[in-house]
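Hydrogens, waters and symmetry mates play no part in the numbers below; they use all other heavy atoms, side chains included. Quick note on labels: first sequence line is chain A, next is B, and so on, each numbered from 1.
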Amino acid sequence: MSGDVADQRETTPMSTVLDEFSWRGMLQDSTDGAAEHFAEAARTAYIGFDPTAASLHVGSLLPIMGLVHLQRAGHTPIALVGGGTGLIGDPSGKTQERQLLTREKAAENAEGIRRQLEHFLDFGAVSNSARMRDNLDWLGALPLVDFLRDIGKHFSVNQLMAKESVKRRLADEETGISFTEFSYALLQSYDFLELFRQEGCTVQLGGSDQWGNITSGIDLIRRVEGERAFGVVFPLVTNSAGTKFGKSEAGNVWLDPDLTSPYRFYQFWINTEDQDVVRYLKFFSLLPREEVEALEVSVRDEPHTRRAQEALARDVTRRVHGDAGLAGAERATQALFGGDVTGLSAMEIADIFSEVPSSKVGRDALSGAGRSLVEVLADCGVASSRGDARRAIEGGGVYVNGQRITEVDRTVGMDDAVDGRFVVLRKGKKNYHLVEVEG
RNA sequence: GGUGGGGUACCGAAGCGGUCAAACGGGGCAGACUGUAAAUCUGCUGGCAUAGCCUUCGGAGGUUCGAAUCCUCCCCCCACCA
């Protein structure tokens with residue numbers, strides 16, 4: 001890298017967006033000239049999101065952060081919701097033909113995604129406000145004959161068949177690939193072309209699995225418009241354990257608080273392994289380089305303080321769930337991992353444990369001799385069966401109101417209910433369950 | 001269509017008339033140690049009224065005092081040959 005280029009970057013802050021991606025480890029690959037393209041002027045760039053579900057999960061967080069960095073650097077980010085392509089399905093990375101979404105479902109999901117993206121991007125900025133588009137706007141009204149003439153003409157079936165995702169499916173006699181999915185690359189390329197025409201969008205970003213689709217779009221723009229466009233792809237997020245990133249014991253970690261509570265969301269990040277935490281800080285937080293580097297030192301020299309995990313959890317949770325969501329998650333964490341439950345009032349418990357799974361039980365069931373703990377554990381789902389509950393107690397893994405229970409025949413009665421209203425059950429270190437007394 | 005091999009618990013895989021709720025490995029859960037990390041070690045891992053009973057070994061019948069194990073029929077996979 002020569003000196004004068006560096007100087008130029010000093011004076012134009014938006015030139016740094018690829019540098020930003022680069023030091024954060026987010027830059028897997030980019031087409032030639034992409035860095036210069038961003039350096040020269042404020043650009044418009046887009047990323048597509050598939051409306052396969054009504055909520056995004058943390059697996060989509062990296063591309064979202066990509067848009068955030070673009071906007072911060074002065075460029076205009078477009079989030080393209082694939083209301084149209086969602087009806088088709090991208091064969092990339094899929095070994096099976098995809099289940100088709102209904103139009104209603106795709107529209108509903110697109111709307112949910114739209115709401116979530118608003119947490120990350122500024123849609124009301126003066127100069128480079130983020131935009132949201134839905135490709136159903138142009139795909140839905142596209143006459144087949146026009147599509148074949150104007151778009152299909154530019155694609156070589158020979159090249160499409162050479163694509164890795166298509167090749168693998170062709171090799172598999174059993175599954176094969178439908179014409180519908182085979183055509184997916186054309187549709188995504190057409191999206192890029194439309195955004196180029198309508199929005200002056202010259203760059204497409206995406207996960208590294210999108211590289212082929214992105215370059216197809218670039219080619220299409222060159223052929224149809226005679227103009228140059230660019231692509232940037234992010235790496236696949238992995239964790240050091242080799243398991244899929246974004247899964248917790250409870251399954252996918254969603255951005256929707258109704259699907260994954262802010263408390264669970266926060267806990268997902270707090271539990272990040274040392275080996276992954278610095279990489280994740282670069283990917284998912286907006287902390288500046290110096291701070292990330294300081295935290296990296298902290299992970300090395302004083303790992304027990306877990307400052308890096310905390311910084312990560314705070315930054316990401318605040319962005320997704322807001323200050324109130326973060327505060328609630330931290331309060332619950334503090335009470336659950338820091339202190340003793342028995343000292344709290346019913347109101348405090350209700351507040352803190354609103355994040356935690358709960359069930360109700362009738363007052364009369366607990367009066368008198370009470371119910372056997374084994375039964376209660378099995379009924380509320382903390383244990384999968386009575387035998388499981390029994391074994392968990394025998395293994396020393398069950399707590400009532402923070403006190404370890406050792407007697408298998410222990411009963412739960414009204415005197416266990418804090419303020420006569422709540423019993424806090426816990427199995428293992430992290431699994432809490434709140435039993436609310438009714439009536 | 002033919003021949004051969006096979007279907008066992010969450011997964012992989014032993015068992016091949018009683019001693020089988022079924023070895024072993026993985027996964028999962030819990031415990032210890034820690035830092036709500038990783039690694040390691042330990043225990044548990046069909047259900048229930050837990051020294052006992054009930055339901056499981058592709059499905060349905062049968063033989064037997066007794067079957068995951070033997071017989072019959074059926075279903076499904078895999079390999080090779082057509």
Side-chain angles (χ1 to χ4, degrees), chain A residues 172-175 238-253 260-281 283-285 295-317 326 328-341 352-353 355-357 369-400 402-411 424-433:
Chain A
D172 184 352
E173 303 265 342
E174 295 283 312
T175 9
T238 55
N239 67 22
S240 59
T243 50
K244 198 172 187 306
F245 169 77
K247 299 272 189 190
S248 74
E249 317 79 56
N252 268 327
V253 178
T260 300
S261 73
Y263 165 73
R264 294 214 171 281
F265 189 83
Y266 180 87
Q267 285 290 320
F268 169 77
W269 297 104
I270 272 285
N271 281 307
T272 303
E273 292 172 24
D274 291 3
Q275 284 183 52
D276 296 322
V277 69
V278 172
R279 209 155 38 93
Y280 288 1
L281 275 167
F283 282 170
F284 305 119
S285 81
L295 288 168
E296 188 166 9
V297 171
S298 167
V299 172
R300 195 184 60 224
D301 295 343
E302 38 160 30
H304 55 278
T305 61
R306 313 183 65 258
R307 281 178 50 215
Q309 277 90 343
E310 196 184 318
L312 174 68
R314 286 180 59 91
D315 192 87
V316 182
T317 307
L326 172 63
E330 287 192 309
R331 245 192 345 269
T333 295
Q334 189 53 36
L336 267 40
F337 291 97
D340 184 11
V341 191
I352 289 163
F353 288 84
E355 296 285 355
V356 152
R371 292 185 72 199
S372 103
L373 175 59
V374 167
E375 255 174 65
V376 175
L377 288 169
D379 288 355
C380 70
V382 171
S384 62
S385 71
R386 295 178 185 201
D388 186 43
R390 201 166 267 123
R391 281 179 231 114
I393 296 171
E394 279 166 359
V398 172
Y399 303 76
V400 172
Q403 305 274 301
R404 174 178 277 167
I405 302 303
T406 47
E407 314 84 47
V408 174
D409 53 359
R410 170 74 145 75
T411 57
V424 180
L425 300 176
R426 176 180 145 206
K427 188 182 113 183
K429 230 167 255 177
K430 305 177 197 172
N431 305 308
Y432 282 89
H433 186 97

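B/C29 and B/C73 are spaced 43 Å apart, taking the C1' atom of each and rounding to whole Å. The separation of B/G12 from B/C78, taken at their P atoms, amounts to 14 Å, rounded to a whole angstrom. B/A60 and B/C20 have their P atoms separated by 25 Å, with the value rounded to a whole Å. Remark: the separation of the P atoms in B/C65 and B/A51 is 32 Å, to the nearest Å. Using P as the reference atom, B/C10 and B/G47 are 10 Å apart when rounded to the nearest Å. Nucleotides B/U40 and B/C57 have their C1' atoms positioned 35 Å apart, rounded to a whole Å. B/C71 and B/G26 have their P atoms separated by 35 Å, given to the nearest Å. Taking atom P on both B/C16 and B/G7, the two are 14 Å apart, rounded to the nearest angstrom.
Residue A/Lys427 has its side chain nearest to B/C29 when only B/C29, B/A38, B/U36 are considered. Residue A/Pro303 places its side chain closer to B/G35 than to any other of B/G35, B/G31, B/U36. The side chain of A/Gln275 sits closest to B/A38 out of B/G31, B/A38, B/G35.
A/Arg404 places a side-chain N or O within donor-acceptor distance of the main-chain N or O of A/Gly396, the cut-off being under 3.5 Å.
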Distances for protein N or O near nucleotides 46-53 of chain B N or O, under 3.5 Å:
from	atom 1	to	atom 2	distance (Å)
B/G47	OP1	A/Ser385	OG	2.8
B/G47	OP2	A/Arg391	NH2	2.8
B/C48	OP1	A/Arg386	N	3.0
B/C48	OP2	A/Ser385	OG	3.3
B/C48	OP2	A/Arg386	N	3.4
B/C48	OP2	A/Gly387	N	2.9
B/A49	OP1	A/Arg386	NH1	2.5
B/U50	O4	A/Arg390	NH1	2.7

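Remark: A/Lys430 is not in phosphate contact with B/C29, judged by side-chain N or O atoms under 4.0 Å from OP1 or OP2. In this structure, A/Tyr280 does not reach the B/A37 phosphate: none of its side-chain N or O atoms is under 4.0 Å from OP1 or OP2. The phosphate of B/A30 (OP1 or OP2) has a side-chain N or O of A/Asn431 nearer than 4.0 angstrom.
Ring geometry for A/Phe283 against A/Tyr280 counts as parallel: the plane angle stays under 30°, on a 0 to 90° scale with 60° as the upper cut.
Side chain to side chain, A/Asp388 and A/Ser384 meet the donor-acceptor criterion of an N or O pair below 3.5 Å.
For the pair A/Leu295/A/Val278, no side-chain contact is recorded, criterion being any heavy-atom separation below 4.5 Å from C-beta on.
If you check distances only, the side chain of A/Gln267 does reach the base of B/U36 with a donor-acceptor pair under 3.5 Å.
The partner of B/C29, taking Watson-Crick or G-U wobble pairs whose two distances both stay under 3.5 Å, is B/G43.
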side-chain contact (heavy atoms from CB on, under 4.5 Å) assessment of A/Ile270 paired with A/Arg306: CA-CA 8 Å; A/Ile270 272 285; A/Arg306 313 183 65 258; 3.8 Å; yes
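Nearest-nucleotide mapping onto RNA chain B: of A/Gly396 and A/Thr272, the residue sitting toward the 5' end is A/Gly396.
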